[in-house]
Amino acid sequence: MHTENIKGLTSPEKPCLVETSQGFSVLYKERYLYSKYSPAKSLLQRVDELTILENTLVVCLSPCLGYGLEELIKKMPKNCFLLCLELDENLYSLSANSLNDFIVNKSIQFIEPKHIVNIVDILLKKNFTEEYKNIPDIYNFKRAIMLEMSGGTFFYNDFYKKIANTIQNTISNFWKNRLTLVKLGRLYSRNFFKNLKNINDLKSISIYKNKFTKPFLIVGAGESCENIINTLSKNNLSSFNIVAVDAILPTLQANKIIPDFIVAVESQLAIEKAYIGSKKNNSIILADLTSRKSITKYSQKDVYFFYSEYTNASFLDNAHKKNILPLKIPALGSVGLTSVYLACLLRQSEDIPIFICGLDFSYSLGTTHARGTPAHKSRLNNSDRLHSLHNYKAAFNPSAKKYTNSLGEDSYTDITLQNYRDLFYNFFYNTKNLYNLSKTGLNLGIPNVDEKVLSRIPQEVQIIITNNIPEKSENKEKRINYINEEKKALSRIKELLINGENTEPKPNPSLSIELENLIKPREYLYLHFPDGYKYQKDNISFLKRIRSEIDFFIKDLTTPW
């Protein structure tokens, strides 16, 4: 999206200063942007009544003449920052002059109209590091508040609201991701290196990109998939490319359905329950590099890899630049969303339909997953007189929310599932020929169709890849070199942390600088620390924790699987 495409962003009209009895107002496009009588009065009153907590990003929309900015700066506690946004080129020119003293003193950062659409990249310091280097790193902020500083917001009201939501969601998502990384970051990184090192031929999913002409059917683990599976087992299975999330595998096996593709993104041991009895599986596994390494043995066919950038890190960028990684896809966080994304990637064109079922992002009272899934089998195995077969706890969880589905039945969802639904909507809204077969579940923003449509799908001739494209030998050599470089760097870090200045050869140019040069771009050593959002060179506790992590990764990079 580019700002020049925003209607009315550049106008031949110029804002005009209008003198009043208590200062200047602005007349622009036949509107006064401040009061004609006391331009600053109401704004100063709002600033005076405002409560600003520490670690707050204060965003001023359409600052215009800068009224209230000085008072805001004086009122802000420590670790806060003031960001000004102006979408209108003419008002930006006027504001740049009015705010010049603040900008020179680095009290605020004023974003140019052409860069506002890249606000996420600016906040995350992607490609805008030098231009907007005064903005603190995002981990300095816990929240954001928005202030309309003039009537200039009227001209692009919807777009300002969208930008405001984007900024707040960016900060919120950063901390949500931090919680995930604290819990699973080390496991993600260890799986990443295990898969990278121990795969003889790292086949990328890119080999299958735009290759398939048959319709896709994606089967999730939600309870709504049960009727679809029964319908599917009565139809010609060869008419579809069946893509299964790994959790639904036992249910499909019980119905004698072998999926064409299994999507694996889970990194934890628990997911192996879904593969029990799958030793002779004839499905192709599409696996994330951070997925559990042992699941690759559950297929007689090949395993094709992709990788999702689960964190913004230098070590991932370094591996990507060395051309040793498979195809990169967005980090969607859900195996269901990832399956839909991969199906869109694999189909030959947008004319090939994709049907989904079991991606409910909700559940009924007492039931959270389809019958036969590991979650359901666990309830069966553990139920007794004291433990119910039904999972009522999920519906009565404090975060659970009750709603009425399209069939008029009571269903439940929660914050996490709603977030996945919102992410689905943002990624796949208006995707051509993407249909939902489920009658229950949250609205996904795509057309709903009846499962009877499956019986009307003709069997198509499918493009078959007869010869796998072998991995280039130089890529394998690059992978080996990369692994050896990491082992060498980790061994050096270990020596420096143990021996300090007595390390041989001597630290170059100094102990602190060499440690920083080696550790900082290897975020996998510390990204899972609660304070691991940045390298802390003067924190002895931080460095001691890094020392304890090194042995894990040296072992993973050295010991064969």
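We number each residue from 1, following the sequence as shown.
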Would you check if the side chain of [X] reaches a backbone N or O of [Y] as a donor-acceptor pair within less than 3.5 Å?
X: Asn210; Y: Arg347; value: yes
X: Thr503; Y: Glu495; value: yes
X: Asn433; Y: Glu350; value: yes
X: Thr251; Y: Arg371; value: yes
X: Gln536; Y: Asp531; value: yes
X: Glu266; Y: Ile271; value: no
X: Ser204; Y: Leu327; value: yes
X: Arg479; Y: Lys197; value: no
X: Ser172; Y: Asn169; value: no

When rounded to the nearest 0.5 angstrom, what distance separates [atom1] in [X] from [atom2] in [Y]?
X: Asn436; Y: Asn443; atom1: CG; atom2: CG; result: 8.5 Å
X: Thr440; Y: Glu223; atom1: OG1; atom2: CD; result: 6.0 Å
X: Ser438; Y: Leu444; atom1: OG; atom2: CG; result: 8.0 Å
X: Leu337; Y: Phe424; atom1: CG; atom2: CZ; result: 6.5 Å
X: Leu518; Y: Ser491; atom1: CG; atom2: OG; result: 11.0 Å
X: Cys357; Y: Glu226; atom1: SG; atom2: CD; result: 10.5 Å

Assess, by modelled atom type and distance only, whether the side chains of [X] and [Y] contain a donor and an acceptor separated by less than 3.5 Å.
X: Tyr275; Y: Ser294; result: no
X: Tyr412; Y: Asp410; result: no
X: His320; Y: Glu309; result: no
X: Ser224; Y: Asp360; result: yes
X: Ser362; Y: Thr413; result: no
X: Ser364; Y: Glu409; result: no
X: Asn191; Y: Thr290; result: no

Tell me, do [X] and [Y] make a side-chain contact under 4.5 Å, heavy atoms counted?
X: Ile257; Y: Val219; value: no
X: Asp246; Y: Ile295; value: no
X: Ile248; Y: Val245; value: yes
X: Leu332; Y: Tyr420; value: no
X: Asn318; Y: Pro521; value: no
X: Asp288; Y: Tyr307; value: yes
X: Lys322; Y: Glu485; value: yes
X: Ile171; Y: Lys142; value: no

Derivation and outcome, side-chain hydrogen bond (donor to acceptor under 3.5 Å, both in side chains), residues Ser189 and Tyr310 = CA-CA 10 Å; Ser189 299; Tyr310 61 94; 2.9 Å; yes
Under the 6.0 Å and 45° cation-pi test, does Arg186 pair with Phe552?
-> yes
Lys/Arg cation over aromatic Phe529: Arg545, 6.0 Å, 45° cone | yes
Check against side-chain contact (heavy atoms from CB on, under 4.5 Å), Leu342 and Phe306 = CA-CA 10 Å; Leu342 293 179; Phe306 57 91; 3.7 Å; yes
Please name the pair of heavy atoms, one in [X] and one in [Y], separated by the smallest distance, quoted to 0.1 Å.
X: Ala331; Y: Ser308; result: CA-CB, 3.8 Å
X: Asp450; Y: Lys439; result: OD2-NZ, 3.5 Å
X: Pro215; Y: Ser239; result: CD-O, 3.5 Å

Steps toward side-chain hydrogen bond (donor to acceptor under 3.5 Å, both in side chains) verdict (Glu523, Ser314) | CA-CA 7 Å; Glu523 296 91 341; Ser314 299; 3.1 Å; yes
Are [X] and [Y] ion-paired here, with the side-chain N under 4.0 Å from a carboxylate O?
X: Asp137; Y: Lys534; answer: no
X: Lys125; Y: Asp121; answer: no
X: Asp260; Y: Lys214; answer: no
X: Glu486; Y: Arg522; answer: yes

Tyr526 and Tyr535 aromatic ring geometry - parallel, tilted or perpendicular at 30°/60° bounds | tilted
Aromatic contact, Phe212 with Phe261 (centres under 6.0 Å) | yes
With a 6.0 Å cut-off on ring centres, are Phe193 and Tyr524 close enough?
-> yes
Would Asn195 and Phe305 satisfy side-chain contact (heavy atoms from CB on, under 4.5 Å), going step by step from the backbone distance to the final call?
-> CA-CA 9 Å; Asn195 283 319; Phe305 283 88; 4.1 Å; yes
With sequence neighbours excluded, tell me which residues meet side chain to side chain contact (heavy atoms under 4.5 Å, CB included) with Leu269.
-> Glu272, Arg292
Please step through side-chain contact (heavy atoms from CB on, under 4.5 Å) for the pair Phe355 and Phe216, ending with a clear verdict.
-> CA-CA 6 Å; Phe355 302 96; Phe216 282 81; over 6 Å; no
Start with the C-alpha distance between Lys544 and Ile540, add both sets of side-chain angles, then the distance that settles side-chain contact (heavy atoms from CB on, under 4.5 Å), and finish with yes or no.
-> CA-CA 6 Å; Lys544 285 182 176 180; Ile540 299 300; 3.7 Å; yes
